[in-house]
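Below: one structure, written as structure tokens.
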Protein chains: 2
Amino acid sequence: MAVSHEYPENLDPRVEALVTEVIGRVADKWTMIVLEVLTEHGELRFSRLAQLAEGISQKMLTQTLRQMERDGLVIRTIHPVIPPKVEYRLTDLGFTLSEAFCGVWAWAAHNVDRIAEARRSFDSRNGN
Amino acid sequence: MAVSHEYPENLDPRVEALVTEVIGRVADKWTMIVLEVLTEHGELRFSRLAQLAEGISQKMLTQTLRQMERDGLVIRTIHPVIPPKVEYRLTDLGFTLSEAFCGVWAWAAHNVDRIAEARRSFDSRNGN
DNA sequence: CCGTATCCCTGGCGATACTG
DNA sequence: CAGTATCGCCAGGGATACGG
């Protein structure tokens, strides 16, 4: 804590744009939650994932999983049985992203109270 | 890398909901970019911030800064001069969040190529 | 069971114009 | 300079229905 940190420097503005695009794609609530759930539980089927990712709609879950698969974050395995069984698990790449985001979760969990307090303070300073 | 990591466990589902809300609020492209810019450059005025946060509209910058101020991530200092001069800098809390997100930037910068490759592969597997 | 397809509508966001 | 206010668009995402 309070240790300095440095952001990666991109000399090439095109690369920087790509990095920003990746950030925009990946820094999304549902992506983070799916990442967390898959990290905690390992391989999961679609329906189980839908339960564990509290509040997600089927559409958003499908969409999120497709994007993550496309970006090489998850592997989708179709078991040719009836009824269909499809399982999702993280790739190594997905796992490393999960590690990175884990720090953000920890930060959030550690600071919920300070944030709530800051909000109360801000709201009372400015007309309720 | 490939070292295991653990997400914070929240026994209380209400706390968990709060954490998720904070994640949803904070895991946003512009918040991440403002965090990065303020970390790199220290205290900045509004107009300079607008230049450095490539592509942001004035509206989104104002909105993002207000939310961040409300959450206790930035301090807004109004210098009573003409023309007006308003400066923004990170709080300690904002700085620790910046640290956490720094890992995600590093991840993105380090893996742009793998992601681009994964996308090409995915797109060619499924009808272009 | 695991999706895709369609409808529909809210709200996020840019553009523009105006104030202290 | 540093905002607020207002309008208008269209994409994100829920709900529903249907297909393999």
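Hydrogens, waters and symmetry mates are skipped; everything else that's a heavy atom, side chains included, is used. Letters A, B, ... are given to chains in the order of the sequence lines, protein chains preceding strands, and every chain is numbered from 1.
- Between Thr31(B) and the options Arg25(B), Gln67(B), Glu36(B), a side chain to side chain donor-acceptor pair (under 3.5 Å) holds for only Arg25(B).
- In this structure, Asp71(A) contributes its side chain and Leu73(A) its backbone to no donor-acceptor pair below 3.5 Å.
- One axis for each end of the helix from dC1(C)-dG20(D) to dG20(C)-dC1(D), each built from five base pairs, and the angle between them comes to 40° at 10° resolution.
- Taking atom CH2 on Trp30(A) and atom C1' on dG14(D), their separation rounds to 12 Å, with Å as the unit.
- Within a 6.0 Å radius of CD in Glu9(B), other residues, nucleotides and ligands contribute 12 heavy atoms or fewer.
- The aromatic rings of Tyr88(B) and Phe46(B) lie tilted to each other, with the angle between the two planes from 30° to 60°.
- Atom NZ of Lys29(A) is separated from atom P of dG12(D) by 16 Å (rounded to the nearest Å).
- Looking at Ser121(A) and Arg125(A), their side chains do bring a donor and an acceptor atom within 3.5 Å of each other.
- Between the Tyr7(B) side chain and the Ser98(A) main chain, a donor and an acceptor come within less than 3.5 Å of each other.
- Between Gln51(B) atom CD and dA2(D) atom C1' there is a gap of 14 Å when expressed in whole angstrom units.
- Side-chain atoms of His41(A) come within 3.5 Å of backbone N or O of Val37(A) as a donor-acceptor pair.
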Distances under 3.5 Å between protein N/O atoms and the N/O atoms of nucleotides 2-10 of chain C, please, pair by pair.
residue : atom : partner  : partner atom : Å
dC2(C)  : OP1  : Arg45(A) : NE           : 3.0
dC2(C)  : OP1  : Arg45(A) : NH2          : 3.2
dC2(C)  : OP2  : Ser47(A) : N            : 3.1
dC2(C)  : OP2  : Ser47(A) : OG           : 2.8
dG3(C)  : OP1  : Arg66(A) : NH2          : 3.1
dG3(C)  : OP1  : Arg76(A) : NE           : 3.3
dG3(C)  : OP1  : Arg76(A) : NH2          : 2.6
dG3(C)  : OP2  : Tyr88(A) : OH           : 2.6
dG3(C)  : N7   : Gln58(A) : NE2          : 2.8

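- One can place CE of Met60(A) at 14 Å from C1' of dA15(D), the figure rounded to the nearest angstrom.
- Both Val15(A) and Val104(B) are members of a single hydrophobic cluster when ILVMFWY side chains are connected at heavy-atom separations under 4.5 Å.
- In summary, the side chains of Arg66(A) and Thr62(A) do not present any donor paired with an acceptor at a separation below 3.5 Å, with no hydrogens or angles considered.
- Here the C1' atom of nucleotide dC1(C) and the CG atom of Leu49(A) are 14 Å apart, to the nearest Å.
- Atom-to-atom, CD1 of Ile33(B) to P of dC13(C) comes out at 12 Å; the value is rounded to the nearest Å.
- Rounded to an integer number of Å, the gap from Asn126(A) CG to dT4(D) P is 10 Å.
- Rounded to a whole Å, the CD1 atom of Ile82(A) is 14 Å from the C1' atom of dG19(D).
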